[in-house]
Amino acid sequence: MRFRTFVLALCSGNLPIASCFASLTSNVISRTSGSAAFQAPWHRTNALHCRDIALLHQKSSLSSHKSNKADSSIIGTVTLLVPSSSSETSPFGSKSPVSRPSWHLAAQQLARKIRQFSDGTISTRIVTPQETEDDACLESNALVALGLTSPSDIQYLSKTFRKRRSRQQEGTCQFAVSCGSNNYAPIVGPYDEANPSILATFAPWTNIASGKRLATQMTGLFEKNTSDEFALAIMLFFNQFSGSKIPWVQHSIDVTWEKGLFQNSKEIYGMITKCGPCIARCLNDENCSSCLKALDKIDTRDQVNSYRTVVSYESELLRDFSLCILQKNNIFECKAEIPSIPYVKPIDTWRGNQVTTEIARGIMIGHLAGVNESLEGNLNLDVSWKVACGANVAYDQFPSQNQLFYPDSKGKDLWYDPVFRVETIDGRNVWCKRHYKVRNGKVPGTFRFSVLDNGVTSNEFWTIVDAADDLSWVVFHYAGAAGAVGQRYLGGLLCTPDGKLPHEEAELERIWKVLRSAEIEPWELFVVDNDEQSTGALVAGPPPLDYYRKVASVVG
């Protein structure tokens with residue numbers, strides 16, 4: 001679906017990236033050539049290891065209440081401490097089409113998301129102050145208190161945090177999220193905000209300094225109140241301090257203290273010697289260099305910020321830059337495979353018939369006019385579908401999302417062209433478009449997507465979860481990876497012909513049930529703004545929906 005990003009980060013502490021590269025490349029750029037990489041799925045990357053059959057036989061289940069210490073695959077435990085009262089409402093789901101969930105319901109999905117992001121290697125327990133014994137909170141590697149506000153709950157939280165602080169070990173962390181008005185100082189690894197060490201500030205290469213940086217980053221992610229960013233924060237902690245690597249966040253294309261002098265030097269030298277000219281061209285271009293400076297301020301494993309930044313500045317120079325560094329030369333030695341958890345069952349019957357590959361392709365093509373494979377009920381529109389809401393925080397907040405699916409000239413595969421509007425970080429409204437190859441999966445209702453997007457290849461595994469008999473809606477699930485930047489992602493989409501949610505409550509309840517079968521809660525969705533008369537849409541002008549016809553005539 002969209003875009004993964006590549007960032008060149010802090011070259012040395014706070015030294016700006018442009019200055020860093022200018023000094024490093026001065027003596028070698030004249031004798032090198034290349035480009036670098038950026039990545040962007042509208043939905044995501046890595047070699048075509050979808051393993052269709054395996055995916056359809058790997059059932060996933062949530063075990064969120066008890067850690068299985070006998071299971072050697074478990075590398076750590078998380079305890080989510082929720083209010084004693086089950087009626088306390090959380091801030092999650094503020095942009096969804098449904099009401100916000102209670103902390104208890106939100107925690108259940110957060111546990112599920114942690115399992116997904118960790119490939120089942122992190123066990124999560126959900127407890128309340130009234131129900132739990134101290135062992136549950138004291139022995140877990142990570143303790144995150146959520147929404148505790150009552151006097152008794154706060155008392156338990158304070159006591160528990162003090163106990164954990166007294167027995168602090170490097171492989172632990174603790175946070176309090178939305179817990180009353182008190183400021184509960186977090187602990188991340190050896191860093192304790194309540195007992196700061198001078199090393200955290202003046203020795204940036206130490207584990208204490210690393211813990212301080214991560215504490216700030218995790219706090220920011222928790223405060224965004226989305227399940228994706230919450231799970232990302234947990235993954236970052238375990239990747240850094242558990243002694244085990246978490247594939248979801250294992251790879252970084254940033255220059256960081258955590259990598260060490262040798263690895264940073266090796267990567268910088270590789271960029272200069274293999275991609276010097278394209279680096280110089282990018283740094284000498286105002287738009288391209290502005291993108292690098294903006295990316296320099298964020299962790300590229302944060303897919304939300306990195307994607308929005310890249311699409312705000314995308315250009316041919318940026319594409320060439322990412323193509324050389326990431327895709328052609330894999331300077332950062334990244335790899336990523338498409339997630340296999342959760343298992344999502346594809347649609348098996350539609351309109352009373354067994355779903356075939358032909359029917360599944362017809363559902364994908366949806367309402368697009370002028371396509372021979374379209375099904376009865378097709379409305380002959382200029383789009384196949386419009387995204388009404390989606391469940392990936394990095395992409396589905398973008399407005400005006402149009403999907404176009406159509407056969408290639410040989411009729412064997414499909415093309416997929418998403419055309420969507422981006423509100424850039426500098427306040428502009430622009431149209432973006434992508435061009436995906438779509439191949440049939442081994443099981444009807446599943447598909448394999450691939451795209452070379454801004455210089456980086458993305459591969460994705462899509463599943464049609466369900467569709468209305470009258471083609472009034474369809475639910476997709478996707479899992480993808482961008483190998484060259486080491487990124488993986490999951491998401492789901494509810495699409496309709498006009499981009500509006502169905503009105504009937506019974507139909508919505510059916511859709512929510514379908515999404516839950518794909519381990520997506522309705523409150524995780526982001527409603528897409530498809531208002532053609534909105535200020536942003538009018539400023540951007542008509543979407544380039546004729547794009548697919550021009551492309552099809554050339555590459556079909």
Side-chain angles (χ1 to χ4, degrees), residues 1-9 11 17-18 20-21 24-25 29 32-47 251-255 267-336 394-395 422 424-425 430 432-436 450-460 480-489:
M1 285 215 7
R2 295 184 185 126
F3 206 91
R4 280 11 184 135
T5 152
F6 157 72
V7 89
L8 298 169
C11 192
I17 186 171
C20 168
F21 275 110
L24 285 169
T25 60
I29 283 181
T32 58
S33 61
S35 42
F38 251 99
Q39 165 80 18
W42 236 96
H43 292 48
R44 322 349 104 122
T45 203
N46 206 24
H251 298 284
S252 172
I253 55 177
D254 304 326
V255 179
E267 292 171 355
I268 293 173
Y269 179 77
M271 286 188 285
I272 294 170
T273 56
K274 295 179 180 179
C275 303
C278 69
I279 293 174
R281 287 193 293 270
C282 183
L283 291 176
N284 288 326
D285 178 80
E286 181 179 356
N287 180 74
C288 195
S289 62
S290 294
C291 185
L292 296 187
K293 291 175 183 177
L295 288 168
D296 185 43
K297 300 175 183 178
I298 60 177
D299 184 332
T300 48
R301 293 172 296 184
D302 182 345
Q303 297 179 16
V304 179
N305 285 331
S306 59
Y307 175 68
R308 187 161 182 244
T309 300
V310 171
V311 296
S312 295
Y313 294 101
E314 62 181 35
S315 65
E316 289 188 10
L317 283 176
L318 201 57
R319 179 202 61 197
D320 293 343
F321 181 69
S322 61
L323 180 65
C324 181
I325 294 178
L326 298 179
Q327 193 64 45
K328 287 184 176 180
N329 293 289
N330 194 14
I331 297 294
F332 302 97
E333 301 174 345
C334 295
K335 61 180 180 179
Y395 311 109
V422 174
T424 67
I425 59 178
V430 298
C432 291
K433 47 187 179 288
R434 307 288 183 254
H435 188 58
Y436 284 73
S450 61
V451 64
L452 182 64
D453 189 346
N454 279 268
V456 175
T457 298
S458 295
N459 293 309
E460 300 171 10
V485 286
Q487 291 186 345
R488 311 165 81 198
Y489 46 92

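Note that the numbering runs from 1 along the sequence shown for the chain.
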Inset, instruction - Nearest 0.5 Å please: distance from the SG atom of Cys282 over to the CD atom of Glu316. - result: 13.0 Å
Legend entry - Distance, nearest 0.5 Å, that separates CD1 of Ile331 from NZ of Lys274: 4.5 Å
Inset, instruction - Dump the intermediate steps for side chain to side chain contact (heavy atoms under 4.5 Å, CB included) on Tyr313 and Ile425, then the final yes or no. - result: CA-CA 9 Å; Tyr313 294 101; Ile425 59 178; 3.4 Å; yes
Legend entry - Closest heavy-atom pair and its distance - Leu452, Gly455: CD1-C, 3.7 Å
Inset, instruction - Sort out for me which residue in Arg319, Arg434, Arg308 forms a salt bridge (charged side-chain N to carboxylate O under 4.0 Å, His left out) with Glu314. - result: Arg434
Inset, instruction - Of all the heavy-atom pairs spanning Ser306 and Leu295, show the shortest one and how long it is. - result: O-CD2, 4.1 Å
Legend entry - Asp285 side chain to Arg281 backbone, donor-acceptor under 3.5 Å: no
Inset, instruction - Measure across Cys291 and Val310 and return the closest heavy-atom pair with its distance rounded to 0.1 Å. - result: SG-CA, 4.3 Å
Legend entry - Any side-chain heavy-atom pair of Lys335 and His251 under 4.5 Å: yes
Legend entry - Sub-4.5 Å side-chain heavy-atom contact between Ile279 and Ile325: yes
Legend entry - Asn330 side, atom CG; Lys328 side, atom NZ - distance, nearest 0.5 Å: 14.0 Å
Legend entry - Straight-line distance of Glu286 CD to Leu317 CG, nearest 0.5 Å: 12.5 Å
Inset, instruction - Please assess Lys293 against Ser290 for the test side chain to side chain contact (heavy atoms under 4.5 Å, CB included), listing each intermediate value before the final yes or no. - result: CA-CA 5 Å; Lys293 291 175 183 177; Ser290 294; 5.5 Å; no
Inset, instruction - Check whether any side-chain heavy atom of Ile253 lies under 4.5 Å from a side-chain heavy atom of Cys334, and answer yes or no. - result: yes
Legend entry - Minimum side-chain heavy-atom gap Asp254-Phe332 below 4.5 Å: no
